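Heavy atoms only: backbone and side chains are in, while hydrogens, waters and symmetry mates are out. Everything numeric here is computed off the predicted structure, so don't read it as measured data. All ligand and atom numbering here is 1-based and tracks the order in the structure.
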Amino acid sequence: MSDDTAPPRPRKFAHGIDVIETHRIADVIRRHGDRFLNRVYTPDEIAHCRGRIPELAVRFAAKEAVMKALGTGIRGVGWKDIEILPNRRGKPLVFLYGRGAKRAEEIELRGLEISMTHLADLAMASVVGERASPRPKTPAARRQRPPPHPGERPPMKLVTAAEMRQLEAAAIAAGSSEAQLMEEAGLAVAQESWMLLGTLEGRRILVLAGPGNNGGDGLVAARHLYDWGAEVAVYLPAGHRDESRCDELRAREVPLLMGEDDPDGAQLRARLEAADLVIDALFGIGQRLPLDPASPVGRALAALSAVRAGSYQPPKVVAVDLPTGLDSDSGAVDPLLVVPDMTVTFGLPKVGMYQAPGSDAVGRVQVIDIGIPKEALNAVALELITSRWVRQHLPARPADANKGTFGRVLVVGGSSRYRGAVLLAARGAYRAGAGLVTIAAAEDLAAGLAPALPEATGCRCPPPREAPSPPRLRRRSARSGPPPVRPSSAPASPSPMTPARSPGPPSPIPPIAPAASSSTPMRSTPSPPWTTPRPGSTRGPSSPPPRRDGAAPPHHHPRSPARPSRRRPHGRRALGCVVVLKGAHTVVAEPGGAAALCPFANPLLATAGSGDVLAGIIAGYLAQGADPFTAARLGVYLHAAVAEAAEPEFGRAGLLAGDIADRLPVSSGT
Ligand SMILES: NC(=O)C1=CN([C@@H]2O[C@H](COP(=O)(O)OP(=O)(O)OC[C@H]3O[C@@H](n4cnc5c(N)ncnc54)[C@H](O)[C@@H]3O)[C@@H](O)[C@H]2O)[C@@H](O)CC1
Ligand SMILES: Nc1ncnc2c1ncn2[C@@H]1O[C@H](COP(=O)(O)OP(=O)(O)O)[C@@H](O)[C@H]1O
Ligand SMILES: [K+]
Ligand SMILES: [Mg+2]
């Protein structure tokens, strides 16, 4: 819903185009008659078209063109949410209902004009309108952005399998049923499969259906895809517990192949070789890993793998809810997993889809709303940090600001071994937008630092042996302004660091950032607002560091160290502060129980000093008034977003920590 008091969002064209071969629609109608018509067209459209194939075909293209203009694909907008009918003079008009109308409202769509044409066997439609830009692009628009408020779109949450089952129970308590949820899920899989293939007519689809509800979703998808004109077959390696779903398919004469009737797998192989698309509905959140390679499911996956590897035109793969072989909670990957082109996941994405190595094993992720009550989602603790969230929470940069508006950061540290660390942190803080950065380094180093970052001011820091006590440091920072930040690899002082609190506006003093890599005990002093350990460097999590090579750890799943649900609680509760657990898919957790996961894993960040830059960036956002949890999420996301953006230029290696700082403003703008 647009807010009347908000400044207008910049506008841009919304365009969609689609073309279809008329005979394909004729064939579907011949085979499926009213079932197809009633599924795709509104009663008024059916009445208007009176069975005329070119009229029906061009409307089919028109609906897809509208979906493209809405920017949704066919996910989320039903065929009958879009209606194309002529006005009295015969000019076609687009009417939107239900989710189509909702989406149009969200993007502030205006004036959707349609043009349709057909020629011999082709029908084509093009629509154009005007919509609000998804994000402010110009600096002026950015300055005008309203401050974040609680009414904004909720963050993307991530769930474990157990949490997903609770949400499912909440949906059922609110009036849905398991069968209804499965219908929603299966329909979405069918729609996404259609979108992936482009057309269904003449396309061969093989559904690999497991014994449980994941298999049930696959059977519903098979039913729709058959009704819409695809050539569908279903392979059930271990049978299915819901006979009525199988009967729906038998009634349509969809071939159902049972694993026990195909002992040598020859029929399965033949079907796989002929398929344009394979739907993996073997196991979802109910899977227990490791998979047994000798089991019927294991053999089906091995056959799919072999066909994919050995075929000139391998079938596309769509995974239902989760790829079979992916641990929903840890992201551990079974060696039998076949990486899909797309995963259609229900309700919310699963944590394991954003944990290495699982994040590389899911293909494109489509999240499908299956009607989980909004209130139930609030109970989910872990969220994914998204670019939308980041845009909404970056500190405001008013045009009439002066440097005092943006706060001050004090970086404390510097040793002959880690001479660059303070500079990198200071650079990160400046690039994040801090108004003033001061470096407090030992006298012998300070002179060398000034030319490297002339923008930073300096203040004398006693040599390590006489390092200031926390109260002295606090007094000093209150006197000289800036708050201390100690970059992670700069063990300047043997004494623990404590947060320095702001003496008051206009220069909020962001507290220090001691990092666990210097092995400083932090519990003996008041808690810092955040800390940035790497896995293994805090005392809480007992697991070894996560693998960063992206390889599937064979049979190493449910206890994977990269599992935030296991790692989360310890550090942050013990330390009483926000914890940034660094690595691929960094986790940020706050003592209250909320946690956020970075969507990125990128080896460009695995370079010395990048953690120091991160500490500085976070301090930079703190200095600008962000609370510690927000500052840490902003910093972690944008730090990694730099690497993502740099990948086309650098590939997988060669970014320097200093480059991360220097490229930060570019990633903040996107
Ligand atoms: N949670 C939800 O809100 C919804 C769940 N739905 C679907 O239901 C799925 C979960 O269904 P289920 O709980 O039936 O579980 P699955 O369908 O994932 O697994 C079925 C059964 O297979 C068996 N199994 C698991 N691992 C095995 C292994 N390695 N070897 C042999 N047998 C094994 C288990 O007994 C398990 O219960 C979800 O992934 C999703 O696809 C949807 O229908 C819609 C709503
Ligand atoms: N594979 C990876 N994917 C994403 N981020 C990574 C990866 N490897 C390292 N990082 C990030 O790089 C930074 C490294 O920090 P750290 O280990 O403290 O390095 P240093 O002490 O040299 O600055 C952290 O922010 C970490 O999250
Ligand atoms: K699956
Ligand atoms: Mg470090």
*Against heavy atoms of D612, which atoms of ligand 2 measure under 4.0 Å?*
23 (O)
_Ligand-side contact atoms (ligand 2) for residue partner N602, heavy atom cut-off under 4.0 Å_ = 1 (N), 2 (C), 3 (N), 4 (C), 7 (C)
*With rounding to the nearest 0.5 Å, note down the distance linking CZ in R652 to CD in E647.*
5.0 Å
*Verify the distance test for A319 against the K ion (ligand 3): any N/O/S atom under 3.4 Å, yes or no.*
no
*Collect the protein residues that have a non-hydrogen atom under 4.0 Å from ligand 1 and hand them over in chain and number order.*
M164, R165, E168, L181, M182, P211, G212, N213, N214, D217, R241, F283, G284, I285, G286, Q287, R288, L291, D321, F346, I370
*Between L614 and ligand 2, find which residue part has any heavy-atom pair under 4.0 Å and reply side chain, backbone, both or neither.*
side chain
*May I ask you to check if ligand 2 and F600 share an N or O to N or O distance below 3.5 Å?*
no
*Test K350 against every option in D327, D329, D321 by the salt bridge (Lys or Arg N to Asp or Glu O under 4.0 Å) rule and name the one that passes.*
D321
*So does V320 have any N/O/S atom less than 3.4 Å away from the K ion (ligand 3)?*
yes
*Evaluating non-hydrogen atoms only, which member of A608, G420, A606, S610 is closest to atom 13 (C) of ligand 2?*
S610
*Any donor and acceptor pair, going by atom type alone, linking the side chain of R308 with main-chain N or O of P315 inside 3.5 Å?*
yes
*asked:* What's the separation between atom CG in L655 and atom CD in E649, rounded to the nearest 0.5 Å?
replied: 8.5 Å
*Do you see an N/O/S atom of A281, backbone or side chain, under 3.4 Å from the K ion (ligand 3)?*
no
*the K ion (ligand 3) is nearest to which N, O or S atom of D280?*
O
_On the six-membered ring of Y637, is R633 placed so that its NZ or CZ lies under 6.0 angstrom from the centre and within 45° of the ring axis?_
no
_Test of proximity, G611 against ligand 2: N or O pairs below 3.5 Å_ = yes
*asked:* So, 3.4 Å as the limit: is an N/O/S atom of N214 located closer than that to the K ion (ligand 3)?
replied: yes
*Check against side-chain contact (heavy atoms from CB on, under 4.5 Å), R431 and R663*: CA-CA 8 Å; R431 291 295 192 191; R663 287 165 180 247; over 6 Å; no
_Subset of ligand 2 atoms that lie under 4.0 Å from at least one heavy atom of T586_ = 27 (O)
